Amino acid sequence: MNKTRKILLAVVAVVIVALLAFLLVTNAADKQETCTICHGELEKADACGDCLTDKDGNATGKVEATIDGETVLVDCSTCEGSAHFCENCENAGEVTGSFWALLPPIIAIGLALITKEVYSSLFIGILSGAIIYAGTSFSGVYDTATGVLDTLTNSGIITAVAGTAGIFVFLVLLGVIVALINKTGGSYAFGRWASTHIKSKVGAALATFALGVLIFIDDYFNCLTVGSVMRPVTDRHGISRSKLAYLIDATAAPICMIAPISSWAAAVSQYADDGKGLKLFVTAIPYNFYSLLTIVFVIAIIAMGYDYGSMRIHEYNAVHKGDLFTSGERVKSEEVVANERGRVIDLVLPIVILIASCVFGLLHIGGISDGADFITAFGDTDATVGLPWGAFIALVLIFIYVLLRKLTTFKEAMKCIPSGFIAMVPAILILTFATALKEVTSMLGAKYFIAALMDGAASGLSNMLPAIIFVVACVLSFATGTSWGTFGILIPIVTAIFPASSELMIIGMSACLAGAVCGDHCSPISDTTIMASAGAECDHLNHVSTQLPYAITVAIISFVMFVIAGFVQNAWICLAIGVVLTLGTLFVLKALSKKRHIESAE
């Protein structure tokens, strides 16, 4: 670390300590916001409690209330009769939420960018959140200290591990499958095939992009599968690991967000009225400018052979110096002796088995075996359960296939279990810390602060609201590292702002989803960004820093498009304008870059 960076880090440390001391002394983080779910009004019921349930245990959106001495059923004041979002505001009409709730992720992101070290940065972010939360909830030195430890361990890290255990299991199983495919020579055989069929850097990049588009079911699955399959090919054609990580990330969340059959569609569907979730998701796709224009952007930069920002340096070093990493940790796969008996089918068939098993797992968890139709099952599924469920089946079938093909011995195949687990440890550790940071941020009431901002912006700015919603979703998703959590917070607010049948309602929903993906795409604490780094075996902060200029470029164009869409309200006209703006921006940037290069040469 150079002297300037050390000075900057020291200044940041002093500022962090001063802010935490200020918050502990003043309790400024304990600010109350009007509950936007019931708008601070508790007249509808005597208590702000849980909704009553029917005979099947489903929430009804009703509570018992005493009116003029008579007990009647009325709309639950916390969710206004919507059984999807019945939240307890403890009979106060107010909830805790302030700007200070966003301080922990700001600290974590800032330190990560300064120190280039993600583990300690995330931990300090979690610790600062625990200190703020304990300072608002406890009194006295002893109570505050024990409160910090309790928040850090129980509410932060332990809750994070418990909440994402299914994804951890899926990562480990996927790591084992990848190790097994490498051991049997499937990846090596694909590399041989690719060397004769993919003959250029452009071809390798387009093949990576195409595979990412094809694996649209889930972003985690996409990141790790595309990375493990295409990494040998892109390495051979001089594509830097940072560029590979970007290609993976650009075809993960953005593609899943416009794929009706995906875990993301299922997640969005649960926040809409019964039976309307998938329809709302599909109608919002044409206005999802960030996802759609990201596809245009990726294809354009590949076809033009153009890179800018720090990505240009990484690509130059990869092509001219043979350095795929440029800086940071040089992550390398465990060396595996190539199995000459392996064929391309030994890579393709396991992937097909994995995709089919995961789809079946998602549908099964969604209730298709209990009589639910295909769409309903995908809408009701839980990816954290369905993906590991399917991966278990896939692993067993792939083990049987490998042994029947006599590609390796049973003993050697078993060695892939610990090696696959070890390969996923860095990703699991980062994901644990990032999720713990999200938990602490949520406890501090970040979503209530954002909700209050949105509620205040709703009056008098209806045509500009989609653009405002996009920016708010970007900021919230970037700060918390979760797109699912972001649209979970904002969708109920968006549906309350706009008339249900209006075109602005669809545009506002698209802005919410697009902003959530954009912030997730940019954030160093995003699970999808972490998975993209893991899939490409790229230094995580290198991936973040090289991807950011690209993501911001598309984000700015998307913001302009949401401003236009608020007035034009025609998806296809706006999308055509967006494509022209994206291509035009790239041509202008390339021309300016070429001009600067000529001037510097002179």
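These numbers come from a predicted model, not from an experiment.
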Taking side chain as C-beta onward, heavy atoms only, is [X] less than 4.5 Å from [Y]?
| X | Y | answer |
| --- | --- | --- |
| Ile301 | Leu586 | yes |
| Ile239 | Glu315 | yes |
| His314 | Phe325 | no |
| Val296 | Val554 | no |
| Phe559 | Cys474 | no |
| Ser291 | Met257 | yes |
| Phe289 | Ser510 | no |
| Gln569 | Asn463 | yes |

Worked verdict on Thr251 versus Thr208 for side chain to side chain contact (heavy atoms under 4.5 Å, CB included): CA-CA 9 Å; Thr251 55; Thr208 303; over 6 Å; no
Could you state the interatomic distance from [atom1] ([X]) to [atom2] ([Y]), rounded to the nearest 0.5 Å?
| X | Y | atom1 | atom2 | value |
| --- | --- | --- | --- | --- |
| Leu548 | Ile552 | CG | CD1 | 3.5 Å |
| Ile255 | Leu292 | CD1 | CG | 8.5 Å |
| Ile507 | Asn288 | CD1 | CG | 12.5 Å |
| Leu581 | Ile577 | CG | CD1 | 7.5 Å |
| Leu583 | Ile299 | CG | CD1 | 10.0 Å |
| His543 | Met311 | NE2 | CE | 8.0 Å |

With Leu247 as reference, evaluate Ile302, Val226, Thr234 under the side chain to side chain contact (heavy atoms under 4.5 Å, CB included) test and give the passing residue. Ile302
If you look at every heavy atom in [X] and [Y], which pair is closest and at what distance?
| X | Y | value |
| --- | --- | --- |
| Ile469 | Gly508 | CG2-O, 3.9 Å |
| Cys223 | Ile248 | CA-CG2, 3.4 Å |
| Ala467 | Val563 | CB-CG2, 3.6 Å |
| Ile557 | Thr582 | CD1-CA, 3.7 Å |
| Phe478 | Cys522 | CE1-O, 3.5 Å |
| Tyr287 | Ala571 | OH-N, 3.1 Å |

Short side-chain to backbone donor-acceptor contact, [X] and [Y], under 3.5 Å:
| X | Y | value |
| --- | --- | --- |
| Thr529 | Ser523 | yes |
| Arg241 | Glu537 | yes |
| Lys590 | Met304 | yes |
| Asp249 | Ala532 | no |
| Glu503 | Asn570 | no |

Please state whether the rings of Tyr246 and Tyr550 are parallel, tilted or perpendicular, taking 30° and 60° as the class boundaries. perpendicular
Should the ring pair Phe297 and Tyr308 be called parallel, tilted or perpendicular, given that the plane angle runs from 0 to 90° and is split at 30 and 60? perpendicular
Looking only at the side chains, is there a donor atom on one of [X] and [Y] sitting less than 3.5 Å from an acceptor on the other?
| X | Y | value |
| --- | --- | --- |
| Asp520 | Ser526 | yes |
| Asp539 | Ser533 | no |
| Thr546 | Arg312 | no |

Give the intermediate values and the outcome of side chain to side chain contact (heavy atoms under 4.5 Å, CB included) for residues Phe567 and Met464. CA-CA 8 Å; Phe567 294 93; Met464 287 294 295; 4.1 Å; yes
Side chain to side chain contact (heavy atoms under 4.5 Å, CB included) between Val517 and Leu513: does it pass, once the steps are laid out? CA-CA 6 Å; Val517 172; Leu513 302 181; 5.7 Å; no
Met509 and Ile506: side chain to side chain contact (heavy atoms under 4.5 Å, CB included), yes or no, with the steps? CA-CA 5 Å; Met509 181 66 67; Ile506 298 173; 5.7 Å; no
